[in-house]
Participant: 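What follows is a structure written as structure tokens; I'll ask about it next.
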Amino acid sequence: QVQLVQSGGGLVQSGGSLRLSCALSRSTISRFDMNWYRQTPGLERRMVAAMPKFGGDSKYADSVKGRFTISRDDTKNTVYLQMDSLKPEDTAVYFCNARGCSGSVCGAYWGQGTQVTVSS
């Protein structure tokens with residue numbers, strides 16, 4: 001089964017930066033649409049950034065446009081979320097997500113989540 005392992009996150013002051021990583025195993029990221037979501041207590045999980053597997057532009061939530069950047073490193077089978085100019089409103093648990101097929105098996109897969117806290 002596809003596995004996603006996240007790293008990064010932590011506590012940062014307003015205006016600072018963090019980079020989240022998500023490593024995929026038992027498959028290759030080229031087979032999947034890769035996405036980042038975030039969730040705060042009492043709110044639904046919302047997509048923050050999305051990278052299609054076949055070309056096209058990456059997509060971002062309006063609240064993070066110009067500040068967050070999704071990227072990937074195929075040699076490391078890893079996707080990243082670079083977060084700059086962080087605001088207290090960015091505080092949330094962040095999840096990476098992969099959607100697609102590995103061979104004949106298709107599904108959606110989630111990382112374990114990581115806490116990002118931005119202080120003012």
Side-chain angles (χ1 to χ4, degrees):
Q1 185 177 3
V2 172
Q3 294 180 323
L4 300 174
V5 179
Q6 297 180 221
S7 61
L11 175 64
V12 67
Q13 293 183 346
S14 180
S17 298
L18 287 172
R19 188 180 73 166
L20 307 181
S21 300
C22 179
L24 184 146
S25 64
R26 301 179 64 85
S27 193
T28 58
I29 61 172
S30 63
R31 297 176 179 268
F32 297 90
D33 299 330
M34 301 299 299
N35 314 288
W36 288 95
Y37 289 75
R38 68 185 182 187
Q39 186 171 23
T40 56
L43 299 176
E44 66 181 1
R45 190 173 297 181
R46 298 182 62 188
M47 183 178 290
V48 175
M51 177 179 289
K53 64 178 179 180
F54 293 132
D57 295 329
S58 298
K59 308 295 183 182
Y60 299 92
D62 288 341
S63 59
V64 306
K65 286 181 179 178
R67 300 188 298 116
F68 289 14
T69 304
I70 186 171
S71 62
R72 68 178 182 181
D73 186 337
D74 290 338
T75 65
K76 298 181 179 179
N77 221 29
T78 299
V79 297
Y80 305 92
L81 185 67
Q82 178 67 42
M83 304 182 292
D84 298 320
S85 301
L86 283 162
K87 305 175 180 179
E89 304 94 281
D90 297 318
T91 296
V93 177
Y94 285 72
F95 298 87
C96 66
N97 165 267
R99 180 176 294 275
C101 301
S102 181
S104 62
V105 180
C106 302
Y109 306 91
W110 293 91
Q112 78 276 20
T114 185
Q115 177 71 45
V116 171
T117 302
V118 184
S119 64
S120 59

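In this chain, residues are counted from 1 in sequence order. Small disclaimer: the values here were computed from a predicted structure and weren't measured.
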Participant: What are the two closest non-hydrogen atoms of Val2 and Arg26, and how far apart are they?
Facilitator: CA-CB, 4.4 Å
Participant: Please find the pair of heavy atoms, one from Ala98 and one from Leu4, that lie closest to each other, and give the distance.
Facilitator: N-CD1, 3.8 Å
Participant: What is the minimum heavy-atom distance between Leu20 and Gly8, and which atoms define it?
Facilitator: CD2-C, 3.9 Å
Participant: Between Asp33 and Gly100, is there a donor-acceptor pair closer than 3.5 Å when you use the side chain of the first and the backbone of the second?
Facilitator: no
Participant: Exactly one of Ser27, Cys101, Pro52 should register a side-chain contact (heavy atoms from CB on, under 4.5 Å) with Phe32. Which one does?
Facilitator: Ser27
Participant: Is there side-chain contact between Val64 and Arg38, with at least one heavy-atom pair below 4.5 Å?
Facilitator: yes
Participant: Do Asn77 and Thr28 have side chains that approach each other closer than 4.5 Å (heavy atoms only, starting at C-beta)?
Facilitator: yes
Participant: Only pairs at least two apart or in different chains count here, so list each salt bridge (Lys or Arg N to Asp or Glu O under 4.0 Å) that has a residue in residues 54-73.
Facilitator: Asp62-Lys65, Arg67-Asp90, Arg72-Asp74
Participant: For a quick test of reading the model, state the closest non-hydrogen atom pair linking Ala49 to Leu81 and the distance between them.
Facilitator: CB-CD1, 4.1 Å
Participant: To the nearest 0.5 angstrom, please state how far the OG atom of Ser58 sits from the CE atom of Met34.
Facilitator: 12.0 Å
Participant: Heavy-atom distance under 4.5 Å between the side chains of Glu44 and Arg46, does that happen here?
Facilitator: yes
Participant: Could you check whether any side-chain heavy atom of Ile29 comes within less than 4.5 Å of a side-chain heavy atom of Lys53, counting everything from C-beta outward?
Facilitator: no
Participant: Could you tell me whether the side chain of Gln112 and the main chain of Gln6 form a donor-acceptor pair under 3.5 Å?
Facilitator: yes
Participant: Flag yes if Met51 and Leu24 sit in one hydrophobic cluster, no otherwise; membership is Ile, Leu, Val, Met, Phe, Trp, Tyr, and two members link when side-chain heavy atoms are under 4.5 Å apart.
Facilitator: yes
Participant: Spell out, yes or no, whether Val79 and Tyr37 are grouped together once hydrophobic residues are joined by side-chain heavy atoms under 4.5 Å, including indirect joins.
Facilitator: no
Participant: Measure the acute angle between the ring planes of Trp110 and Phe95, then classify it against the limits of 30° and 60° as parallel, tilted or perpendicular.
Facilitator: perpendicular
Participant: Holding to side-chain contact (heavy atoms from CB on, under 4.5 Å), I want the full list of residues that pass it with Ser71, two or more places apart in sequence or in another chain.
Facilitator: Tyr80
Participant: Is the backbone N or O of Tyr94 less than 3.5 Å from a side-chain atom of Thr114, with the two atoms forming a donor-acceptor pair by type?
Facilitator: no
Participant: When clusters are formed by joining ILVMFWY residues with side-chain heavy atoms under 4.5 Å apart, either directly or through shared neighbours, do Trp36 and Val93 land in the same one?
Facilitator: no
Participant: Using modelled atom types and a 3.5 Å cut-off, is there a donor and acceptor pairing between side-chain atoms of Thr69 and backbone atoms of Gln82?
Facilitator: no
Participant: Which heavy atom in Ser85 sits nearest to a heavy atom in Ser17, and how many Å separate them?
Facilitator: N-OG, 4.3 Å
Participant: So, taking the atom named CD in Gln1 and the one named OG in Ser25, what distance separates them when rounded to the nearest 0.5 Å?
Facilitator: 10.0 Å
Participant: Evaluate the side-chain contact (heavy atoms from CB on, under 4.5 Å) criterion for residues Thr91 and Gln115: first the C-alpha distance (whole Å), next the side-chain angles of each, then the deciding distance (0.1 Å), finally the verdict.
Facilitator: CA-CA 8 Å; Thr91 296; Gln115 177 71 45; 3.9 Å; yes
